[in-house]
Q: 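Could you have a look at this structure, given as structure tokens, before my questions?
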There are 2 protein chains.
Amino acid sequence: MSGVRAAKKEETRRAILKAAVELFGEKGFEGTSIEDLARAAGVGKGTVYGYFQDKNEIFLAFCEEEIDYAFAALAERSDSDAPLLEQLMTLFMTQFRYVTENREFGRHLVREMAFPRPVDAHKSKDLDARYLEAVGEILDRGKKRGELREGCDLFLTTVHFYSLYLVALSGFYSGYVDTAEEVEVSLRELLRQALEGLGAQSVRSEA
Amino acid sequence: MSGVRAAKKEETRRAILKAAVELFGEKGFEGTSIEDLARAAGVGKGTVYGYFQDKNEIFLAFCEEEIDYAFAALAERSDSDAPLLEQLMTLFMTQFRYVTENREFGRHLVREMAFPRPVDAHKSKDLDARYLEAVGEILDRGKKRGELREGCDLFLTTVHFYSLYLVALSGFYSGYVDTAEEVEVSLRELLRQALEGLGAQSVRSEA
DNA sequence: TCCCAAAGTCGACCGCGGTCGAGATTTGCG
DNA sequence: CGCAAATCTCGACCGCGGTCGACTTTGGGA
């Protein structure tokens with residue numbers, strides 16, 4: 001039976017992840033040691049590394065599970081008939097509130113997602129993709145309703161809006177804005193800028 | 001003479017920083033240990049912590065020195081009469097090429113600048129400020145020449161363009177774009193989007 | 001000049017993330 | 001079933017960043 005070993009492997013993996021959910025939530029990422037996780041999962045320290053390449057990979061796996069909740073919360077609040085800008089704000093602010101619920105957790109996540117180490121690039125790209133996809137869907141609907149310019153590269157447009165979310169997070173972590181409310185005000189203005197354009201009127205008529 | 005001690009302190013600080021410039025450049029940030037720095041600077045390991053709070057602070061001090069070169073290189077290439085978009089491209093691409101010259105160095109820097117730990121927030125804000133200032137100056141000139149909309153909040157506009165630079169770096173580190181040339185193409189398009197606006201024409205005329 | 005409090009120096013030490021090879025366990029085959 | 005090869009488990013071990021308290025140096029007032 002080759003299934004015995006495989007089942008056990010999966011079981012152990014889940015045990016480690018469960019320990020991660022508990023301990024990361026309780027003591028934070030940096031406050032939780034690999035040995036803590038191993039002990040809680042009932043395995044030896046070295047065994048952990050048979051399931052995850054490094055601590056970051058555990059974190060990202062943890063995030064993938066957690067982020068589901070954020071998207072679930074989003075599904076409740078989102079209104080696919082609302083104006084484009086409002087839909088984006090709902091998406092971004094829901095994610096913002098969730099991600100910054102624990103400051104350290106959010107910082108680590110956004111660092112990994114925006115500027116991953118090569119080792120973690122694949123995992124973090126998966127997470128990135130979920131965000132970009134969510135933005136892309138909103139833009140798709142917006143485009144069909146004529147809220148977006150014709151002829152805009154949809155991917156780059158997606159990236160554009162996503163970048164404004166990133167910089168909002170950056171402002172939060174750099175101390176330019178302290179509360180979710182302030183972030184909301186700034187982010188809305190940034191999105192408005194993106195939609196209306198920053199160049200003088202003459203520039204547009206040339207296009 | 002209280003100056004003797006102060007002079008020695010400054011001398012030691014410089015020695016550590018000099019060691020950092022050499023060793024970080026040679027073996028990278030993570031490849032250089034505090035003990036390496038201490039030995040190269042001719043002091044004990046513990047002494048280093050009398051001059052810098054942690055390894056990151058050494059890194060940021062190192063960056064402040066290094067970034068001067070990047071801005072110096074920029075001064076040569078920049079043309080304050082060129083179109084706004086070209087000036088921004090020159091700024092961003094000069095910085096991009098410099099910062100990503102060593103991949104790990106650039107990743108660490110941009111992580112610290114965009115999403116700093118509270119301990120390093122002040123230092124990283126100094127660096128941020130230099131970038132924002134540089135962008136702000138370009139926008140100032142652009143605004144005076146009528147290349148920018150009237151009534152735009154200048155700071156938020158600065159942040160907007162800066163965010164597109166950040167996301168370009170993010171794309172590079174996430175593996176969406178591999179070379180400086182590809183980054184240049186994408187970034188230029190993003191800037192163009194920002195200037196012309198992403199919303200449909202009707203949105204603009206309402207404004 | 002002497003003396004002692006204050007400031008500075010140092011490396012042993014701690015807990016961490018990650019490695020490694022010895023030993024235990026499972027698997028597939030005759 | 002027997003047994004060897006393949007796989008998995010584990011904690012001692014390494015080097016790291018950072019701390020700490022014992023030790024040395026400095027400087028100004030009596």
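In what follows, chains are A, B, ... by sequence order, proteins preceding strands, each numbered from 1.
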Q: Write down the distance between CD1 (A:Ile16) and P (D:dC8), rounded to a whole number of angstrom.
A: 13 Å
Q: What's the CZ-C1' distance between A:Phe29 and C:dG17, to the nearest Å?
A: 10 Å
Q: Please produce a list of atom pairs where a protein N or O lies less than 3.5 Å from an N or O of nucleotides 18-20 of chain C.
A:
{"from": "C:dG18", "atom 1": "OP2", "to": "A:Tyr49", "atom 2": "OH", "distance (Å)": "3.2"}
{"from": "C:dG18", "atom 1": "OP2", "to": "A:Lys55", "atom 2": "N", "distance (Å)": "2.9"}
{"from": "C:dG18", "atom 1": "N7", "to": "A:Lys45", "atom 2": "NZ", "distance (Å)": "3.2"}
{"from": "C:dG18", "atom 1": "O6", "to": "A:Lys45", "atom 2": "NZ", "distance (Å)": "2.4"}

Q: Have B:Asp54 and B:Tyr49 got a donor and an acceptor in their side chains that come within less than 3.5 Å?
A: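 Side chains of B:Asp54 and B:Tyr49: no pair found under 3.5 Å.
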Q: Under a 4.5 Å cut-off applied to non-hydrogen side-chain atoms, are A:Asn56 and A:Val119 in contact?
A: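 No. Closest side-chain heavy atoms not under 4.5 Å.
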Q: For the aromatic rings, using the six-membered ring if either is Trp, is the centroid distance between B:Phe96 and B:Phe172 under 6.0 Å?
A: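 Yes; B:Phe172 has its ring centre under 6.0 Å from that of B:Phe96.
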Q: What nucleic acid atoms does B:Tyr51 come within less than 4.0 Å of, heavy atoms only: base, sugar-phosphate, or nothing?
A: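 Sugar-phosphate: the residue B:Tyr51, judged by heavy atoms under 4.0 Å, touches backbone atoms but no base.
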Q: To the nearest Å, give me how far apart CD (B:Glu35) and C1' (C:dC10) are.
A: 11 Å
Q: Cut-off 3.5 Å, side chains only: do B:Gln95 and B:Tyr165 have a donor facing an acceptor?
A: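 Looking only at side-chain atoms, B:Tyr165 and B:Gln95 do not form any donor-acceptor pair under 3.5 Å.
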Q: Atom CD1 of A:Ile58 to atom P of C:dG17: distance rounded to whole Å?
A: 9 Å
Q: Return a table of donor-acceptor pairs under 3.5 angstrom between the side chains of residues 31-38 of chain A and protein atoms on other chains or two or more places apart.
A:
{"from": "A:Thr32", "atom 1": "OG1", "to": "A:Leu23", "atom 2": "O", "distance (Å)": "3.2"}
{"from": "A:Thr32", "atom 1": "OG1", "to": "A:Gly28", "atom 2": "O", "distance (Å)": "2.7"}
{"from": "A:Ser33", "atom 1": "OG", "to": "A:Glu35", "atom 2": "N", "distance (Å)": "3.4"}
{"from": "A:Ser33", "atom 1": "OG", "to": "A:Asp36", "atom 2": "N", "distance (Å)": "3.0"}
{"from": "A:Ser33", "atom 1": "OG", "to": "A:Asp36", "atom 2": "OD1", "distance (Å)": "3.4"}
{"from": "A:Ser33", "atom 1": "OG", "to": "A:Asp36", "atom 2": "OD2", "distance (Å)": "3.2"}
{"from": "A:Asp36", "atom 1": "OD2", "to": "A:Lys27", "atom 2": "NZ", "distance (Å)": "3.0"}
{"from": "A:Asp36", "atom 1": "OD2", "to": "A:Ser33", "atom 2": "N", "distance (Å)": "3.1"}

Q: Using the side chain to side chain donor-acceptor pair (under 3.5 Å) rule, take B:Ser78 and B:Thr90 through it: C-alpha gap first, then chi angles, then the decisive distance, then the call.
A: CA-CA 7 Å; B:Ser78 70; B:Thr90 302; over 6 Å; no
Q: Given atom CG of A:Asp36 and atom C1' of C:dC16, what is their separation to the nearest angstrom?
A: 10 Å
Q: For B:Val43 and for A:Ser33, find the nucleotide of DNA chain C with the closest heavy atom, then tell me which residue's nucleotide is more 5'.
A: B:Val43
Q: Give me the residues of residues 102-121 of chain A where at least one heavy atom lies under 4.0 Å from an atom of DNA chain D, by number, or none.
A: none
Q: Tell me whether the count of non-hydrogen atoms from other residues, nucleotides or ligands lying under 6.0 Å of CZ in A:Arg103 goes above 12.
A: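 Above 12, so yes.
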Q: In whole angstrom, what separates B:Arg39's CZ from D:dG17's P?
A: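 One finds 11 Å between P of D:dG17 and CZ of B:Arg39, rounded.
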Q: With the side chain counted from C-beta on, respond yes when B:Cys63 and B:Leu127 share a heavy-atom pair under 4.5 Å apart, and no when they do not.
A: yes
Q: Would you mind reporting whether B:Arg188 and B:Val185 have side-chain heavy atoms less than 4.5 Å apart?
A: no
